[in-house]
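Predicted model only: the values in this text are computed from it and were never measured.
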Amino acid sequence: MKMMMRFHKLSRPLSLLPSSLPPFSSISLPSSLSLTTRRRLHSATLSSPSLMASSRLRNLVPLNAIVSEDSGGGGGGGGSGGSNGSVSSSSASVSNEDDVLGVGYRLPPTEIRDIVDAPPLPILSFSPLRDKILFLKRRSLPPISELAKPEEKLAGIRIDGQCNCRSRMSFYTGIGIHQLMPDDSLGPEKLVHGLPYGAKINFISWSPDGRHLSFSVRVDEENGSSGKLRVWVADVETGKARPLFQNTDICVNAVFENFVWVNDSTLLVSTIPSSRGDPPKKPLVPHGPKVQSNEQMNIIQARTFQDLLKDKYDEDLFDYYATTQLVLGSLDGTVKEFGTPAVYTSLDPSPDHKYILISTIHRPYSFIVPCGRFPKKVAVWTTDGKFVRELCDLPLAEDIPIAFNSARKGMRSINWRADKPSTLYWAETQDGGDARIEVSPRDIVYTQSAEPLEGERPEILHKLDLRYGGISWCDDSLALVYESWYKTRKIRTWVISPGSKEDNPRILFDRSSEDVYSDPGSPMLRRTPLGTYVIAKFKKENDESTYVLLNGSGATPEGNIPFIDLFDINTGRKERIWKSDKEKYYESVVALMSDEKEGDLNIDQLKFLTSKESKTENTQYYILSWPDKKASQITNFPHPYPQLASLQKEMIRYERKDGVQLTATLYLPPKYDPAKDGPLPCLIWSYPGEFKSKDAAGQVRGSPNEFASIGSTSALLWLARRFAILAGPTIPIIGEGNEEANDRYVEQLVGSAEAAVEEVIRRGVAHPNKIAVGGHSYGAFMTANLLAHAPHLFCCGIARSGAYNRTLTPFGFQNEDRTLWEATNTYVEMSPFISANKIKKPILLIHGEEDNNPGTLPMQSDRFFNALKGHGALCRLVVLPFESHGYSSRESIMHVLWETDRWLEKYCMSNPSDLNQDVGKSKEEGSGAADSEGKVVTGSGGGGAERSSSDNDGFYSIRRSLL
């Protein structure tokens with residue numbers, strides 16, 4: 001759930017090496033990511049969008065950029081719905097309520113379908129030398145048949161056994177190469193060629209010298225099953241592609257790793273062991289009972305992880321699919337095995353490519369935590385396959401406390417220094433990993449060479465009283481160390497001199513992570529000759545000071561105005577050398593392009609990659625050059641949904657009754673005039689967030705000039721249906737001082753919703769009796785609570801993939817780290833399941849049948865629906881086969897849109913003023929029934945409400961996923 005709280009921006013179509021770190025406001029700065037992770041830019045995976053989101057590389061991938069072409073045409077309004085016979089159009093008349101139980105997959109109205117089916121824009125990737133750009137081509141939504149392929153759910157991950165990789169991977173369909181010309185224009189496209197027909201491309205990476213690309217290719221077998229992944233390479237100058245290995249039996253094992261360049265011409269590849277036989281067979285007769293024991297009386301608390309190992313057979317199956325044989329493959333055809341088979345989880349070459357940091361996991365495994373907590377070894381090898389030394393062998397970590405900022409004991413965040421050829425650094429807890437223990441220091445950061453001299457001990461680099469959050473390296477005179485503490489929202493940035501023991505560390509920034517107005521920005525990075533990225537230093541003429549560039553989002557009460565500051569690292573003096581236009585456009589600096597020269601950079605020779613957009617103009621990319629700040633446009637992407645090009649967008653501010661300032665983004669349909677057209681039906685889509693202060697909660701986030709990105713399940717799709725959309729109204733749940741925010745959750749939730757509803761009514765854009773509320777995940781939890789505790793505000797609700805009974809997540813949820821037994825009243829009062837008898841307004845529940853998000857088990861929606869039905873509530877449950885927490889396939893997405901649009905058409909647009917007035921009296925008048933497959937279930941408490949004449953005139957559908 002936690003990953004859902006993002007209302008400001010869906011994404012931009014760009015992916016490239018980093019120019020700056022994430023904002024200092026991040027609670028846990030990921031600057032400690034391995035070099036391998038930083039190089040692995042282009043593995044777009046359906047099941048793991050958070051992996052890309054967490055990278056400090058600016059991997060900006062549109063949420064609707066999923067995998068394959070749809071298999072059933074989206075055109076036409078007839079009952080057949082195109083070539084897919086299981087999909088029918090919403091224009092078909094539905095004669096009565098029973099007809100919408102066994103409906104099969106349905107299509108939403110054409111105006112919604114056309115937006116969702118629009119071809120996605122390509123992803124961009126710059127070469128290491130910034131002289132070439134890749135256009136990575138994609139198809140939009142996969143067919144349900146892709147999701148229906150068999151998968152193994154083991155140790156918290158899902159594996160496609162046919163191709164031995166994570167299941168549900170998206171892919172690219174082609175690669176175009178453009179030269180960046182001296183005048184900053186793009187040369188003609190050169191396609192990578194020589195690929196097999198129907199090639200599915202993944203894991204694209206540049207060689208360190210930028211002359212070659214590596215990527216995996218898989219092709220479906222004739223029977224439709226997935227083919228194995230093979231490593232291919234392409235010459236960037238010619239575009240010619242070929243397999244790396246001539247032996248077709250060498251296939252990639254991509255369950256954890258895939259491959260990484262260890263020098264300009266050699267890849268270290270994770271392969272399926274050649275000696276591996278058939279997978280183990282599940283015994284028909286069990287060996288015995290499944291036994292778990294805690295006779296040692298250990299305190300082990302864990303959140304509701306899913307897809308865990310269950311027995312010895314699962315352990316054997318996990319080993320079968322995850323075990324890898326590493327192989328060195330060179331462009332000249334040389335092949336050499338590296339080490340012995342093991343479960344390798346990460347491969348990280350040193351900057352000088354002499355060593356490689358290798359992590360493995362091993363038994364004993366666990367049945368209560370995922371594989372990330374299994375016993376773990378980290379070792380140093382040479383890149384030609386010689387073992388150097390073992391750094392650590394961490395035991396099974398089942399007992400990490402659930403308190404925020406708790407961590408694993410022992411060495412963690414082990415990485416190479418980006419400014420040194422082969423120097424390691426890592427952190428170790430001093431509190432046993434338990435955030436509840438008061439100790440100083442709490443973390444110590446150590447450093448050591450890859451091959452230390454005999455008797456040489458690790459050197460203490462820095463001691464921290466908060467939890468370590470990463471390091472930005474520059475050189476021996478400068479590095480920035482980050483620490484943070486969630487409970488207080490405190491975040492600090494330290495300046496250290498790694499090469500000098502005489503220079504004392506000093507605090508550069510000490511602030512609240514919630515205070516976006518005080519965010520100073522992040523240091524911009526430059527590429528080194530070793531291919532790593534370090535803080536870029538700048539010099540001014542006739543000035544001996546050392547400067548860095550801070551790239552900031554520029555949050556202000558008027559919205560974000562991104563900036564670049566020239567910052568004196570010693571004095572703290574800064575000069576704003578660039579900022580976004582704030583009148584019409586939203587601009588931001590994406591990457592530093594003038595970093596090809598060694599030594600300090602000249603401020604008068606700056607060159608940036610920037611993005612530019614407006615409310616109605618989609619994102620384009622530019623090269624911005626100093627000293628005249630000339631901008632040269634390098635992309636000309638078409639508008640993704642021209643039918644909504646003139647939509648109206650406004651960032652609005654209003655106040656909660658307790659004085660907290662709130663914000664939201666109000667979208668109105670093209671050509672809408674409230675004076676002429678009157679109030680509209682309105683859909684409010686949101687997601688609550690926790691804060692420690694009222695001031696921080698009231699700060700404005702986002703920009704009124706950002707382009708309205710519409711994903712395949714976005715609430716903004718209903719602009720095409722003439723709805724007003726209130727997107728992301730802030731729902732701050734505040735706990736100041738020692739107060740826990742959730743102890744007043746319902747009160748603050750209702751107060752925020754009341755303020756939002758009053759504001760859209762006051763503006764005359766929303767009809768008071770036609771306001772619907774919806775949300776996904778924690779937003780679904782919010783929706784159910786609002787219908788229970790503020791039924792006067794909304795005519796209906798849509799809740800997707802939510803958790804409704806907090807007693808089923810007893811060891812914490814979202815940002816709550818108290819247990820059920822420590823905060824019983826809070827757990828109970830927050831649970832809409834407990835208040836199911838209070839819900840009198842129509843509620844549509846949607847859930848993926850294979851939801852693997854901690855806390856949001858499909859059982860949550862099943863049991864909530866039964867509770868609602870048991871009290872005669874007007875409700876409907878839609879369970880999507882093969883779908884996870886977020887929905888992926890075209891059939892599912894289109895059907896969710898149909899379901900939601902039908903719900904809004906029937907209970908919002910056509911809402912009779914007396915709907916559900918007497919629902920509580922009508923248990924005998926209507927009850928739920930399931931269709932033969934149990935996928936769509938409806939309960940109705942009719943309450944004597946009369947249907948409007950339009951009830952049966954075509955039931956449409958919506959589905960929304962504003963993240």
Side-chain angles (χ1 to χ4, degrees), residues 16-21 24 31 35 38 56 58 126-131 184 208-210 351-352 416-421 423 425 461 470-482 493-500 502-503 505-506 508-509 520-552 563-579 589-610 623-630:
L16 67 165
L17 290 168
S19 66
S20 65
L21 289 170
F24 285 130
S31 58
L35 288 173
R38 282 177 255 164
R56 81 177 212 204
R58 300 180 64 112
F126 278 78
S127 69
L129 300 181
R130 303 291 202 250
D131 60 341
D184 294 331
D209 61 6
D352 62 4
W416 299 105
R417 274 185 62 166
D419 62 328
K420 293 290 183 181
T423 300
Y425 70 100
L461 182 67
I471 300 180
S472 298
W473 298 96
C474 182
D475 52 31
D476 274 338
S477 67
L478 175 63
L480 301 181
V481 184
Y482 310 107
T493 303
W494 291 83
V495 177
I496 65 170
S497 299
S500 173
E502 297 178 359
D503 292 344
R506 60 184 175 86
L508 184 64
F509 303 116
S522 303
M524 298 203 73
L525 306 181
R526 63 166 299 171
R527 189 176 188 270
T528 70
L530 295 174
T532 60
Y533 285 80
V534 299
I535 298 172
K537 276 186 175 181
F538 291 84
K539 290 291 187 182
K540 295 173 67 175
E541 289 188 13
N542 304 318
D543 189 338
E544 296 301 316
S545 297
T546 298
Y547 295 93
V548 301
L549 293 181
L550 296 181
N551 185 358
F563 64 83
I564 297 292
D565 279 349
L566 187 65
F567 183 75
D568 189 322
I569 202 72
N570 296 314
T571 67
R573 186 175 70 251
K574 58 186 176 182
E575 173 191 352
R576 187 144 297 177
I577 63 171
W578 176 88
K579 67 177 181 179
V589 170
V590 180
L592 178 65
M593 301 291 286
S594 53
D595 59 353
E596 65 278 2
K597 296 180 181 178
E598 294 189 44
D600 292 347
L601 303 177
N602 190 320
I603 197 68
D604 291 327
Q605 297 175 355
L606 275 177
K607 185 180 286 189
F608 294 127
L609 176 71
T610 66
I623 299 295
L624 182 65
S625 303
W626 260 246
D628 56 359
K629 300 183 182 180
K630 176 187 175 184

**Asked** Considering all heavy atoms of both residues, which atom of P351 and which atom of P421 are nearest to each other, and what is their separation?
**Response** CD-O, 3.2 Å
**Salt-bridge criterion met for R417 and D419 (N-O under 4.0 Å)** = yes
**Asked** Does L461 reach the side chain of I496, with side-chain heavy atoms less than 4.5 Å apart?
**Response** yes
**Message:** Working to the nearest 0.5 angstrom, can you tell me the gap between F126 CZ and R527 CZ?
**Reply:** 14.5 Å
**Prompt:** Taking the side chain from K579 and the backbone from I564, do they hold a donor-acceptor pair closer than 3.5 Å?
**Reply:** no
**Backbone of G499 reached by a side-chain donor or acceptor of S497 within 3.5 Å** = no
**Prompt:** Roughly how far, to the nearest 0.5 Å, is CG of L601 from CG of L606?
**Reply:** 7.5 Å
**Prompt:** With distance as the sole test, does D565 use its side chain to make a donor-acceptor pair with the main-chain N or O of P520 at under 3.5 Å?
**Reply:** no
**Message:** I'd like to know if K537 and D600 make a salt bridge, using a cut-off of under 4.0 Å between side-chain N and carboxylate O.
**Reply:** no
**Asked** For L566 and I603, what are the C-alpha separation, side-chain angles and deciding distance, and is it a side chain to side chain contact (heavy atoms under 4.5 Å, CB included)?
**Response** CA-CA 9 Å; L566 187 65; I603 197 68; 3.6 Å; yes
**Message:** With heavy-atom distances below 4.5 Å as the criterion, would you say the side chains of V590 and T610 are in contact?
**Reply:** no
**Prompt:** Given the rule in the side chain to side chain contact (heavy atoms under 4.5 Å, CB included) test, do Y547 and I569 qualify, once you have shown the distances and angles that lead to the verdict?
**Reply:** CA-CA 6 Å; Y547 295 93; I569 202 72; over 6 Å; no
**Item:** Steps toward salt bridge (Lys or Arg N to Asp or Glu O under 4.0 Å) verdict (D476, K420)
**Value:** CA-CA 9 Å; D476 274 338; K420 293 290 183 181; 2.9 Å; yes
**Message:** Between Y425 and W473 (judged by ring centroids, cut-off 6.0 Å), do the two rings come close enough to count as a pair?
**Reply:** yes
**Prompt:** Is a donor on one side and an acceptor on the other found under 3.5 Å between the side chain of S625 and the backbone of K629?
**Reply:** no
**Prompt:** Would a line drawn from the ring center of Y482 to the ring center of W494 be shorter than 6.0 Å?
**Reply:** no
**Message:** In the structure I gave you, are the side-chain heavy atoms of K539 and S545 within less than 4.5 Å of one another anywhere?
**Reply:** no
